[in-house]
Protein chains: 2
Amino acid sequence: MSNAFTDRLRGHGPLSDDDVRLLTAACHSIRGHRAGHHLIREGDRPDPVFVMLEGWAARYKILPDGGRQIMAFMLPGDFCDIHIAVLEAMDHSIVTLTKAKVASLPRQQMEALVEARPAITRAFWWSQLVDQGVLRAWIVSMGRRKAQERVAHLMCELYIRMHNIGLATDNQCEMPLTQVVLADAVGLTPVHVNRVLQALRQAEVMDLRSGSLTILDPAKLARIAGFDANYLHRRLKRAA
Amino acid sequence: MSNAFTDRLRGHGPLSDDDVRLLTAACHSIRGHRAGHHLIREGDRPDPVFVMLEGWAARYKILPDGGRQIMAFMLPGDFCDIHIAVLEAMDHSIVTLTKAKVASLPRQQMEALVEARPAITRAFWWSQLVDQGVLRAWIVSMGRRKAQERVAHLMCELYIRMHNIGLATDNQCEMPLTQVVLADAVGLTPVHVNRVLQALRQAEVMDLRSGSLTILDPAKLARIAGFDANYLHRRLKRAA
DNA sequence: CGAGGTGTTGAAATATCTCAAGCGCCGTGG
DNA sequence: CCACGGCGCTTGAGATATTTCAACACCTCG
């Protein structure tokens, strides 16, 4: 009677058993997808809200010149904006990056939950808050950090997020990102990302390779990244 | 019985007279500030929610190396995240950029409104949605657009937002940004921003000067920027 | 009158991109 | 089982966008 989704929301504040039951029930349609499957495409009329139960996905936009910019990574427990259903057309797309299991909640059911269950609404707001914090951190990175710092910062973010959902062991976790995906996220060129990764490896700071990240020197990594975790404010940790 | 704030929210969906009355009443403490006044500083414990009634403000973060990155501009009718009150400490600051009039709503009153008034909650969600759209657009800009396109895009965004709140006439509006503020927003150097502005001026695309923006060739500007307004989904326009 | 913020200009330095090529791996199809 | 093609990673060298540093003019404000 729980999954990555309810666990995550519970991290944002107490939910009654009833709340959890309603939420799990709402995730009725659960489907498996392979890497590269589009959950939504730009231009689609959005209806259901997607919730990642397993695997990774990315939210991205394609520019007129064909370039791609990734705006967010979605990990297990994350979900697409609840209110997105109000729009007529998506202005971006979402793809799975790995094999994934995703639930979809019909819009109406979502809204019903929000209207009826204050605790759930509150949990959603929290989640929103964290998401916005992440978006802002990305803006700071892209605006003022140089290549090395940028990828270091992203690795910090993703490691912490993985850690928060119990998917990281000591200084190591899965990180199923190819160098071009990484490049599209940090706003660099794949070849430059490659060189940056090599530099970080040779400096014995971190090692990203074949789908997994190893942090060799956490303090140094955080210093390079200028990383300050508290924008990810994880209630979970504190409540535990 | 209305102000920039209620007008804005009304743009996101119908509000009853009662809703509007409650909202205006909630803006009890209204104060004037001069340019450069901090509404919140990083590290502060946030309590009230601020609403811009007149003037501009910017949300920014200072990096370890002393650099500043602006993450958002706040125009009349905008407000800081409602839920921000849940945090223990602000992870960024907000300053006024011009003389400004701002209302502050106590946290509790805010939450009471949200619990009691579904229409108001809905309006807040909309507002959130738009804000997130803007954040994402900034990420795309900083990640994949070059200097000229970036400032062109920002000018498009700000012009449209000013237009939406009735503060722009034909292809012209107030734009009280110094070149260094602009630079801190788009992630460039002030001197480079200067050159970009000159280029856009000489190309007769737009002219930003002494606090006001003139769009000389809207089509060209939008083309350079790769601008697509629909992420700002303004209900106002449609409803009108 | 002086000080500081703002806009402007020039020239050299540098981070990042572009283009181009090669290598290893893996899954597919013959 | 092998050959092939495609993808992901790596490397090099030259091109380019943007930064840095430094200086100056202008204006406002005290």
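Per chain, numbering begins at 1; letters A, B, ... match sequence-line order. Small disclaimer: the values here were computed from a predicted structure and weren't measured.
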Practice prompt. Flag the pair B:R144 and A:D184 as a salt bridge only when some basic side-chain nitrogen lies within less than 4.0 angstrom of an acidic carboxylate oxygen.
Written response: yes
Worksheet item: Which atoms form the tightest heavy-atom contact between A:G226 and A:H153, and what is the distance?
Response: O-CD2, 4.2 Å
Discussion item. I need the CG-C1' distance between B:L177 and C:dT6, as an integer number of Å.
Written reply: 13 Å
Worksheet item: Between A:E157 and A:F227, what is the shortest heavy-atom contact and its length?
Response: N-CE1, 3.8 Å
Worksheet item: Can you check whether A:R201 has a side-chain N or O nearer than 4.0 Å to OP1 or OP2 of D:dT10?
Response: yes
Discussion item. Checking the side chain of A:S29 only, and the main-chain atoms of A:S104 only, is there a donor and an acceptor separated by less than 3.5 Å?
Written reply: no
Discussion item. Please list, in numerical order, the residues of residues 145-153 of chain B that have a heavy atom closer than 4.0 Å to any atom of DNA chain D.
Written reply: B:K146, B:A147
Worksheet item: Below 4.0 angstrom from OP1 or OP2 of D:dT10, is there any side-chain N or O of A:Q179?
Response: yes
Worksheet item: Closer to the 5' end of DNA chain C via nearest nucleotide, is it B:T178 or B:Q198?
Response: B:T178
Response to the item:
On a heavy-atom basis, the closest approach of A:V186 and A:V151 is CG1-CA, 4.4 Å
Worksheet item: Hey, do the aromatic rings of B:F5 and B:F79 have their centres closer than 6.0 Å?
Response: yes
Fill in: N-O pairing of A:D91 and B:R136 below 4.0 Å
no
Response to the item:
A:A185 and A:M142 have their tightest heavy-atom pair at O-SD, 3.9 Å
Discussion item. For A:T96 versus A:R34, what's the shortest heavy-atom pair and its separation?
Written reply: OG1-O, 2.8 Å
Item to complete: Name the nucleic acid region contacted by B:R34, choosing base, sugar-phosphate or nothing; use a 4.0 angstrom heavy-atom cut-off, strictly under.
Response: nothing
Fill in: Atom-pair distance (CG on B:D184; P on C:dT6), nearest Å
11 Å
Response to the item:
Residues in residues 185-197 of chain B with a heavy atom under 4.0 Å of DNA chain D, by number, are B:G187, B:L188, B:T189, B:V191, B:H192, B:R195
Worksheet item: What pair of heavy atoms forms the shortest contact from B:C80 to B:R59, and how long is it?
Response: CA-NH2, 4.1 Å
Item to complete: For the pair A:D78 and A:R161, find out whether any cationic side-chain nitrogen is under 4.0 Å from an anionic carboxylate oxygen.
Response: yes
Worksheet item: Just how large is the angle between the end axes of the helix from C:dC1-D:dG30 to C:dG30-D:dC1, five pairs per end, to 10 degrees?
Response: 40°
Fill in: Whole-Å gap separating C1' (D:dG8) and CG (A:L208)
13 Å
